[in-house]
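So the structure is just underneath, and the comments pick up after that.
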There are 2 protein chains.
Amino acid sequence: MAEPQDRRNLIISCAAELFARKGVGATTVREIADAVGILSGSLYHHFESKDAIVDEVLGYYLDNIKKRYAEVMAGEKSPAERLHELVYASLVVAEECPHATVIYQNELHYLREQPRFRHVQLAAADIQQTWLQVINEGVRDGSFRDNIEPRVFYRSIRDAVWLSTRWHRPKGPNPTERLAEDVTSIFLDGFSAKPRPAIPPAARRHRDRSATGC
Amino acid sequence: MAEPQDRRNLIISCAAELFARKGVGATTVREIADAVGILSGSLYHHFESKDAIVDEVLGYYLDNIKKRYAEVMAGEKSPAERLHELVYASLVVAEECPHATVIYQNELHYLREQPRFRHVQLAAADIQQTWLQVINEGVRDGSFRDNIEPRVFYRSIRDAVWLSTRWHRPKGPNPTERLAEDVTSIFLDGFSAKPRPAIPPAARRHRDRSATGC
DNA sequence: GTCTATACATCGATAGAC
DNA sequence: GTCTATCGATGTATAGAC
């Protein structure tokens, strides 16, 4: 049952965990090999270099994001609904690839300095473009404010969403769906208590959970 | 005019820049020495180890936060005003210590694993406590929503604020004061356009800049 | 596919001349 | 206070036996 791919994937998985915790540059091939249970020299039967392992980790992760964002943009939804779906899609990816998410967030700036990881920079530009397109659509059609720079809003929600991997536990009392709703609600509705608005807010997708006590 | 402290501070400054860009573990003492313009051995006349330099960088940074947060908490303000002041104080610190901010954000999890940096962990707990105190006060007095977990709100605004060092340029068209107002407004009021509220929102401190075009 | 063994570079840190 | 010179450990990567 043990396919050759399993061995390769085990290496990628162990390496990702170390890269995320210690940083790529501070992780040694010996540590990766130790985690897998083999000697460092044996790694080079599967990968031609340490950087090649980094490539593999980030490649799968970025393709995952790209695919899910494309699905969101394919649907015909309002900007507010799309924003919620982008948040949810990001959290699902972060749940599936928590280590890669951390690596990407912590080391993007350094990785893009190296020509080796040029494809990471290109993917990052694509991701930003998707968010900004949704935000700008919302500003244009009047559902989002026009007195906040779209870029400031984008950076804020992006950081809040992607860095949730540092603290959010999907298995805990806050499942991913709930977190996506809460984050979207914070960023669209705000954290201020609403003084029973005379004009009810346009259909929002989140239930009121004030009575659940959690 | 060149005090002995200047040399020491130059080393700290150069090291901080490298630590922030490449990560602490991936930065070598030789690189630090190169940036300063001396040889690596000479560093050890000023510091007893590489970790001691990290200590110095983070120590000044954390003391800076601690001092500014204490000032905010000393004033008698509403939770919403205090939240705005915490955001602003954080951005001022991030502007003064951009490299230390990045190091702290990127490597906190790893640093706290090492007994050497236990004081960093203690400072981190203090910082979180300050934010949560303000948030909980606001929930208690009814100015903040009670259907969002305070911790979820805290993590979101914290990440958005501290990670702004990665992209915000204080010298640009968005000065620090303006960013603090925008971030606070996003997190308290939300990004959704308000349909001319019948009940005007309680005195908020930010001007409407929809006509400035920026 | 993993091992042994090792090449060769670079790491943090030290000792002592200047 | 910086240099020269270097130690011993550790870094990535390779070659060839099994």
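Letters A, B, ... mirror the listed sequences (proteins, then strands); counts begin at 1.
- When the nucleotides C:dA13, D:dG1, D:dA13 are ranked by their closest atom to the side chain of A:Tyr44, D:dA13 comes out on top.
- Taking atom NE2 of residue A:His46 and atom C1' of nucleotide C:dG1, one finds them 6 Å apart after rounding to whole Å.
- Between A:Glu31 atom CD and D:dA13 atom P there is a gap of 15 Å when expressed in whole angstrom units.
- Computed from coordinates, the A:Asp51 CG to D:dG11 P distance equals 16 Å when rounded to whole Å.
- Between the C1' atom of C:dC11 and the CD1 atom of B:Ile32 lies a distance of 12 Å, rounded to the nearest Å.
- Looking at B:Arg30, its side chain comes within 3.5 Å of the base of C:dG12 through a donor and an acceptor atom.
- The neighbour count for B:Arg151 CZ, taken as heavy atoms of other residues, nucleotides or ligands under 6.0 Å away, does not exceed 12.
- Distances were taken from every side-chain heavy atom of B:Ser49 (C-beta onward) to each of D:dT2, C:dC11, C:dA13; the shortest belongs to C:dA13.
- Base contact: A:Leu39 has a heavy atom under 4.0 Å from a base atom.
- Between the CG atom of A:Leu43 and the P atom of D:dA15 there is a distance of 16 Å, rounded to whole Å.
- Here the side chain of A:Lys50 is nearest to one of D:dT12, C:dT2, C:dT4, namely D:dT12.
- Distances shown here put every side-chain N or O of B:Ser42 at or beyond 4.0 Å from the OP1 or OP2 atom of D:dG1.
- Side-chain atoms of B:Arg68 and B:Asn64 form a donor-acceptor pair, as typed in the model, at a separation below 3.5 Å.
- Rounded to whole angstrom, the span from the CD atom of A:Glu48 across to the P atom of D:dA15 amounts to 13 Å.
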- Message: Using salt bridge (Lys or Arg N to Asp or Glu O under 4.0 Å), reason through B:Glu71 and B:Lys67 one step at a time and then give a plain yes or no.
- Response: CA-CA 6 Å; B:Glu71 285 170 13; B:Lys67 199 192 68 188; 5.0 Å; no
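- Between B:Phe153 and A:Phe191, the angle of the ring planes stays under 30°, which puts this pair in the parallel group of the 30/60° scheme.
- Protein atom CG of A:Asp34 is 11 Å distant from nucleotide atom P of C:dC3, rounded to whole Å.
- B:Thr28 comes within 4.0 angstrom of sugar-phosphate atoms only, judged by non-hydrogen atoms across all strands, and of no base.
- Salt bridge absent: B:Glu149 and A:Arg178 never bring a charged side-chain N and a carboxylate O closer than 4.0 Å.
- For D:dT14, neither phosphate oxygen OP1 nor OP2 lies less than 4.0 angstrom from any side-chain nitrogen or oxygen of A:His45.
- Per the geometry, CG belonging to A:Leu10 stands 13 Å off P belonging to C:dG1, to the nearest Å.
- Side-chain atoms of B:Arg7 lie closest to D:dG1 of the nucleotides D:dG1, C:dC3, D:dC3.
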